[in-house]
2 protein chains.
Amino acid sequence: MGMERTTYHHGNLRQALIEAALELALARGPEGVSVREAARRVGVSPGAPFRHFPDRRALMTAVAQEATERLRIEVRHAVRPADRSALRRLAALGRGYLRWAERHPAHFRIVSARDQIDVETSPGLLRGMLAGRRETEDTVRAAQAEGDIDPAHDTQQLALLARACVYGLARMRLDGHLPQWGVAPGDETRATEAALALLIDLMARAPNAPGQASVSASRPRATRA
Amino acid sequence: MGMERTTYHHGNLRQALIEAALELALARGPEGVSVREAARRVGVSPGAPFRHFPDRRALMTAVAQEATERLRIEVRHAVRPADRSALRRLAALGRGYLRWAERHPAHFRIVSARDQIDVETSPGLLRGMLAGRRETEDTVRAAQAEGDIDPAHDTQQLALLARACVYGLARMRLDGHLPQWGVAPGDETRATEAALALLIDLMARAPNAPGQASVSASRPRATRA
DNA sequence: ACCTGAACACCGTTCAAGT
DNA sequence: ACCTGAACACCGTTCAAGT
């Protein structure tokens, strides 16, 4: 009887709604989330959520922010073991992203569902996304400094290219494009990671100024699959 | 009085509905399309569309097929002027795709809206997508044969990588990710095409077996932006 | 054969009224 | 301050009945 959760209904509806929505997104995809159903699951009337979120988009945006935070944590874990060279960290960064998208498709989808969320209105979301970019760019720059990537290339452009590849691979997998690109069922993880390794490999080859013997020594064996 | 369009209502509802839905998608995005509204615009009762499409997804899939056909036409146009070398054709292919996505965001979104369409049930859609893959792979293979891309790399993997980059760039632009990646407003076209050019440039560098002097001669000046 | 129009079970959102 | 519950204007989908 001594339950302390119930100011009026049960403390903070806001967080409960975010969690309910996240569960719904997990079960039926982002567009399967309905405010009414989230309210129902949390035991509250259909109008109640609108006291905490101006509209459905705001709820979805809050869910996306939570998902982004979990992404950052998971990707950071993937990178740690491979910090011998910046180029390898870059590869690990990409693999971490791919694996997160694979393991949490609902989170990935909601984070990239431009039509369901409002990135601009969420400082937390923006911060998380900028952190991802900063980490990528810093790693690319370090790899250039270490001589593994041609310093003549623009760092920002390399980072954008890397992200586009990884994001594209993750989306192609999720959007079911891979079968049409010759990837056998069950082979998606290997194929997408091989494509990423190929990109890293291409980035590592042929610096503009020849004579950097250290490059091939630290070049990862990327296309071993 | 002598109008010949009206077997019962006006000939073929099916095509009229597809066009109405396409217009709706253009105006309010794929998920802004409602079967009822399409029926209304075409002057027919809410239940009528279900005589031609089993459900909303089927209508959206038909719209996606129409959009894919237009994509193929537009991309083919982009390629023709640049057929001097296979590597340049590959770049043109990518640019054509990017430009199509830029000019017809609604078409691009509906074609890649896995949650709104059913690719497997549409032979026409599947055919269009496979044609896109075949063209990419053939061009990569030709570039390898011409010595512009290292023949040691797997053709399918190169093609997948190229598509992932281009698809990823197009989606990042549409999903509003570019501002967070250091791309100034108005600079999206230049930035995405530069990233694509960078990829082509990376692909063109450093064949495994050295001593192919012809390579640098036919290598496009990719990163001139 | 093809369409109507009413019906059903849902939505998001608003707003008076309650506590 | 926060929630209820009825209301409004929408959905997708079904199905008898019409032509």
Side-chain angles (χ1 to χ4, degrees), chain A residues 3-25 27-64 110 113-118 121-122, chain B residues 3-64 110 113-118 121:
Chain A
M3 301 278 185
E4 68 280 64
R5 48 142 177 113
T6 330
T7 55
Y8 188 72
H9 198 99
H10 65 42
N12 64 342
L13 226 193
R14 197 190 139 85
Q15 193 57 33
L17 284 168
I18 292 176
E19 271 152 34
L22 216 159
E23 271 170 37
L24 277 170
R28 347 203 271 217
E31 64 283 304
V33 178
S34 97
V35 179
R36 281 184 109 103
E37 175 74 19
R40 220 176 285 129
R41 292 205 175 191
V42 115
V44 102
S45 78
F50 294 91
R51 207 60 45 173
H52 295 268
F53 302 98
D55 54 17
R56 183 184 181 277
R57 287 178 79 84
L59 171 58
M60 298 306 277
T61 302
V63 174
I110 210 174
R114 179 212 81 106
D115 48 300
Q116 312 239 21
I117 67 178
D118 268 322
T121 68
S122 166
Chain B
M3 302 280 186
E4 68 280 64
R5 46 141 178 113
T6 332
T7 55
Y8 189 74
H9 199 100
H10 65 41
N12 65 343
L13 226 192
R14 196 190 139 84
Q15 194 56 33
L17 284 168
I18 292 176
E19 271 152 34
L22 217 159
E23 270 170 38
L24 277 170
L26 235 109
R28 345 203 273 216
E31 63 283 304
V33 177
S34 96
V35 179
R36 281 184 109 103
E37 174 74 19
R40 218 176 285 130
R41 293 203 174 193
V42 114
V44 101
S45 77
F50 295 92
R51 206 60 44 171
H52 295 269
F53 302 98
D55 54 17
R56 184 183 180 279
R57 287 177 80 81
L59 171 59
M60 298 306 277
T61 302
V63 175
I110 210 174
R114 179 213 81 106
D115 48 300
Q116 312 238 25
I117 67 178
D118 268 320
T121 68

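Note on naming: letters A, B, ... go to the chains in the order of the sequence lines (proteins, then strands), and numbering restarts at 1 for each one. Heavy atoms only: backbone and side chains are in, while hydrogens, waters and symmetry mates are out.
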Asker: How far apart are the C-alpha atoms of V33(B) and R56(B), what are their side-chain angles, what is the distance that settles it, and do they pass the side-chain contact (heavy atoms from CB on, under 4.5 Å) test?
Answerer: CA-CA 9 Å; V33(B) 177; R56(B) 184 183 180 279; 4.1 Å; yes

Asker: What closest approach, in Å, do D118(B) and T61(B) show between heavy atoms, and which atom pair accounts for it?
Answerer: N-OG1, 2.9 Å

Asker: Please give, in whole Å, the distance from dC11(C) C1' to M60(A) CE?
Answerer: 14 Å

Asker: What's the closest nucleotide to the side chain of V44(B) if the choices are dT4(C), dT13(D), dC3(D)?
Answerer: dT4(C)

Asker: Counting distance alone, no hydrogens or angles: does the base of dG12(D) have a donor or acceptor under 3.5 Å from a partner atom on the side chain of R56(B)?
Answerer: no

Asker: Could you tell me the separation between the CZ atom of F53(B) and the P atom of dC3(C), rounded to a whole number of Å?
Answerer: 11 Å

Asker: Quick check against the 3.5 Å criterion: does R40(B) have a side-chain atom that pairs as donor or acceptor with the backbone of P46(B)?
Answerer: no

Asker: Rounded to the nearest Å, what distance is computed from the CZ atom of residue F50(B) to the P atom of nucleotide dA7(C)?
Answerer: 18 Å

Asker: Name the stems with DNA chain C in them: runs of three or more consecutive Watson-Crick or G-U pairs, distances under 3.5 Å?
Answerer: C:4-8 with D:12-16, C:12-16 with D:4-8

Asker: How close or far is atom P of dT13(C) from atom CZ of R51(A), stated in whole angstroms?
Answerer: 14 Å

Asker: Which residue lies toward the 5' end of DNA chain C, E37(A) or A48(A), if each is placed at its nearest nucleotide?
Answerer: E37(A)

Asker: Just compare dT4(C), dT13(C), dC11(D) and give me whichever is closest to any side-chain atom of S34(B).
Answerer: dC11(D)

Asker: When we call it a touch if two heavy atoms are under 4.0 Å apart, what does R57(B) touch: a base, just sugar-phosphate, or nothing?
Answerer: nothing

Asker: Whole Å only: how far is the CD atom of Q15(B) from the C1' atom of dC2(C)?
Answerer: 18 Å

Asker: With respect to V63(B), which candidate in L17(B), L24(B), I18(B) satisfies the side-chain contact (heavy atoms from CB on, under 4.5 Å) definition?
Answerer: I18(B)

Asker: Measure from CD on E31(B) to P on dC11(C) and round the result to the nearest Å.
Answerer: 18 Å

Asker: Could you please name the option among dC3(C), dT4(C), dT4(D) that lies closest to any side-chain atom of S45(B)?
Answerer: dT4(C)

Asker: In whole angstrom, what separates L17(B)'s CG from dC2(C)'s P?
Answerer: 14 Å

Asker: Begin from the C-alpha positions of I110(B) and M60(B) and carry the test side-chain contact (heavy atoms from CB on, under 4.5 Å) through to its verdict.
Answerer: CA-CA 8 Å; I110(B) 210 174; M60(B) 298 306 277; 3.7 Å; yes

Asker: Of the options dC11(D), dT13(C), dC2(D), whose atoms approach the side-chain atoms of R36(A) most closely?
Answerer: dT13(C)

Asker: The test is side-chain contact (heavy atoms from CB on, under 4.5 Å); show your working for V35(A) and F50(A) and say whether it passes.
Answerer: CA-CA 9 Å; V35(A) 179; F50(A) 294 91; 3.9 Å; yes

Asker: Show the nearest heavy-atom pair for residues L13(B) and H52(B), with the distance to one decimal.
Answerer: CB-NE2, 3.6 Å

Asker: In whole angstroms, how far is the P atom of dC10(D) from the CZ atom of R28(B)?
Answerer: 11 Å

Asker: Relative to the 5' end of DNA chain C, which residue comes earlier, D55(A) or P46(B), by the nucleotide with the nearest heavy atom?
Answerer: P46(B)

